[in-house]
Amino acid sequence: MENRRAKVELYEEIRREYEHGAGTIRAVARKLGVHRREVRKALKSALPGERKIPERERPKLVAAIPFIDGILESDRKAPRKQRHTAHRIWARMRREMPEVEVAESTVRRYVREKKAAMGLVGRETFIAQSYAWGEEGQVDWYEGWAEFDGEARKTYLFCLRSMASGGAFHRAYPHATQQAFLEAHELAFAHFGGVFRVLRYDNLKSAVKKILRGHQREETARFIAFRSHWGFESEFCTPGEGHEKGGVEGEGGQFRRNHLVPVPKVRDLDELNLLLTAASKEEENRVIAGRAQPIGAAMLTEREHLWPLAQEGFDLASLHYPEVNGSGCVRVLTNFYSTPLPVGVRQRRRCMRRMWRSGVRGNGWHAMSDVTSGIKRCWSWSTTWMCS
């Protein structure tokens with residue numbers, strides 16, 4: 001490609017020199033150091049002609065071609081996993097036709113070309129999938145930008161999509177934490193009116209602790225408990241194979257293009273989520289290509305096939321035991337909080353989505369503050385209460 005571009009530029013220089021410079025073929029050739037034949041080609045066309053690649057003769061392979069063709073023809077009736085490879089053909093040639101001395105690379109090249117001509121080369125085939133009502137949902141995070149009081153900030157959007165109805169639930173968070181991940185599941189279950197039998201994920205850290213062989217995963221204890229509470233099964237994609245959950249991948253892209261363009265301007269995260277909820281309702285009027293009914297009608301049909309919601313939600317609060325540092329603060333996730341307790345004391349911290357409670361074991365609860373900002377700072381206590 002680089003050589004062709006250089007030649008196109010040379011032809012341009014030749015044509016310019018002939019028109020506005022030397023004026024003759026001989027003078028142009030002498031000035032630019034090229035053959036007169038090349039000057040004539042440039043004057044005839046601004047694009048260099050394609051280089052002709054002559055077919056090389058294969059004097060040593062000629063004797064073996066009928067043998068190779070016969071093997072490939074018989075492979076049409078052989079089981080797919082028991083057909084000849086190029087290496088196997090070459091090995092048979094060495095044993096059955098010792099008088100023919102041909103390099104393996106030559107045999108490989110011919111077999112590849114011949115298989116392509118015979119239509120034996122494997123091709124990727126895509127089959128439209130179909131899902132039973134309530135059978136599978138797919139889950140993923142995707143990123144989106146919004147303006148909060150004039151300041152552009154990136155948010156992380158949770159998406160759970162039903163593969164049967166095509167309905168989807170979207171929820172924005174400042175960070176893709178495990179707590180947000182689990183909370184969004186519960187909100188999505190309420191949105192759909194039930195629980196899917198199987199949820200498919202990629203290998204996000206909120207659910208997967210370690211990737212094992214094949215599709216086996218060592219899941220986090222908290223995710224296992226959450227899954228047990230709601231009663232669904234989980235499946236995980238092969239690393240790097242996002243098409244295995246193509247439904248939710250495509251949903252995130254089309255939703256962002258259609259409902260987050262232009263960049264929404266909101267006061268806070270709550271207003272953004274109200275916008276997402278309204279957009280999801282609007283999506284229920286859409287008819288997916290190849291389907292007969294709108295998404296909303298399909299969701300109503302699917303609701304009867306979903307597993308019932310749990311009577312109580314899962315305990316989403318997480319426990320932490322930070323230690324008071326020399327500045328009189330404790331660190332929880334990404335934030336620091338001031339405390340009147342002495343240095344070295346370890347606190348029990350109970351973190352929820354928008355607030356946390358903190359206290360020393362046996363001495364009751366001391367404070368509550370916001371932990372969703374993600375800004376590292378030392379907060380002062382503003383509220384105090386006791387807890388049994």
Side-chain angles (χ1 to χ4, degrees), residues 1-76 78 80 83-94 97 99-128 145 240-243 246 249-250 252-254 256-258 261-263 289-290:
M1 199 69 182
E2 291 290 335
N3 292 338
R4 180 168 178 79
R5 178 173 179 173
K7 198 161 187 178
V8 171
E9 292 175 350
L10 173 62
Y11 273 32
E12 180 186 24
E13 189 175 2
I14 290 172
R15 293 165 68 90
R16 185 183 297 112
E17 185 64 32
Y18 182 84
E19 291 290 332
H20 308 289
T24 65
I25 293 177
R26 183 187 298 273
V28 172
R30 185 183 301 114
K31 182 175 181 178
L32 299 180
V34 296
H35 198 279
R36 293 192 299 275
R37 188 187 310 114
E38 200 69 22
V39 176
R40 292 189 182 95
K41 289 181 181 178
L43 296 178
K44 186 176 180 181
S45 173
L47 289 175
E50 296 291 338
R51 183 178 178 182
K52 295 182 180 179
I53 303 176
E55 283 191 25
R56 297 181 59 184
E57 295 182 358
R58 299 168 174 172
K60 291 188 176 181
L61 185 64
V62 170
I65 286 179
F67 178 79
I68 297 174
D69 289 350
I71 291 176
L72 295 178
E73 191 63 34
S74 64
D75 274 353
R76 289 181 181 273
R80 183 177 61 85
R83 295 175 181 172
H84 286 78
T85 62
H87 174 77
R88 177 59 180 157
I89 293 174
W90 178 72
R92 282 189 57 182
M93 285 177 56
R94 293 185 62 188
M97 303 179 65
E99 70 277 8
V100 178
E101 296 181 2
V102 183
E104 183 179 356
S105 60
T106 303
V107 175
R108 285 182 180 276
R109 191 178 306 113
Y110 177 79
V111 170
R112 181 169 60 249
E113 295 170 359
K114 189 66 178 179
K115 281 187 175 182
M118 296 173 65
L120 295 177
V121 178
R123 299 172 181 170
E124 285 189 332
T125 304
F126 300 91
I127 301 174
W145 288 82
E241 301 291 342
H243 62 271
E249 294 277 356
Q254 79 85 19
R256 180 169 47 201
R257 289 189 299 271
N258 288 284
V261 175
V263 175

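What you see is a predicted model, and the numbers here were worked out from it, not measured in a lab.
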Any donor-acceptor pair under 3.5 Å from Trp90 side chain to Val102 backbone: yes
Roughly how far, to the nearest 0.5 Å, is CE of Met97 from CD of Glu99? 5.5 Å
Assess whether atom CZ of Arg94 is packed by more than 12 heavy atoms of other residues, nucleotides or ligands within 6.0 Å. no
Shortest non-hydrogen contact from Ala86 to Val107? O-CG1, 4.0 Å
Are there over 12 heavy-atom neighbours, none belonging to Arg76, within less than 6.0 Å of that residue's CZ? yes
Could you grab the distance from atom CZ of Arg88 to atom CG of Asp75, nearest 0.5 Å is fine? 11.0 Å
Can you tell me how far OG1 of Thr106 sits from CG of Leu61, rounded to the nearest 0.5 angstrom? 7.0 Å
Going through the checks in order, is the salt bridge (charged side-chain N to carboxylate O under 4.0 Å, His left out) test met by Glu113 and Arg109? CA-CA 6 Å; Glu113 295 170 359; Arg109 191 178 306 113; 5.7 Å; no
Are any of the side-chain heavy atoms of Lys114 and Ile65 separated by less than 4.5 Å? no
Distance-minimising heavy-atom pair for Val8 and Ala46: CG1-O, 4.5 Å
Between Lys115 and Leu72 the two heavy atoms that sit nearest each other are CE-CD2, 3.8 Å
Would you say that Ile89 contacts Met93 through its side chain, given a criterion of any heavy-atom pair below 4.5 Å between the two side chains? yes
Atom pair CD/OG1 of Glu17 and Thr24 - distance to nearest 0.5 Å: 9.5 Å
Whether over 12 other heavy atoms sit under 6.0 Å from Glu104 CD: yes
Do Leu43 and Ile25 have side chains that approach each other closer than 4.5 Å (heavy atoms only, starting at C-beta)? yes
Between the CD1 atom in Ile14 and the NZ atom in Lys7, the distance rounded to the nearest 0.5 Å is 9.0 Å
Nearest-0.5 Å distance, CZ of residue Arg15 to NZ of residue Lys44: 12.5 Å
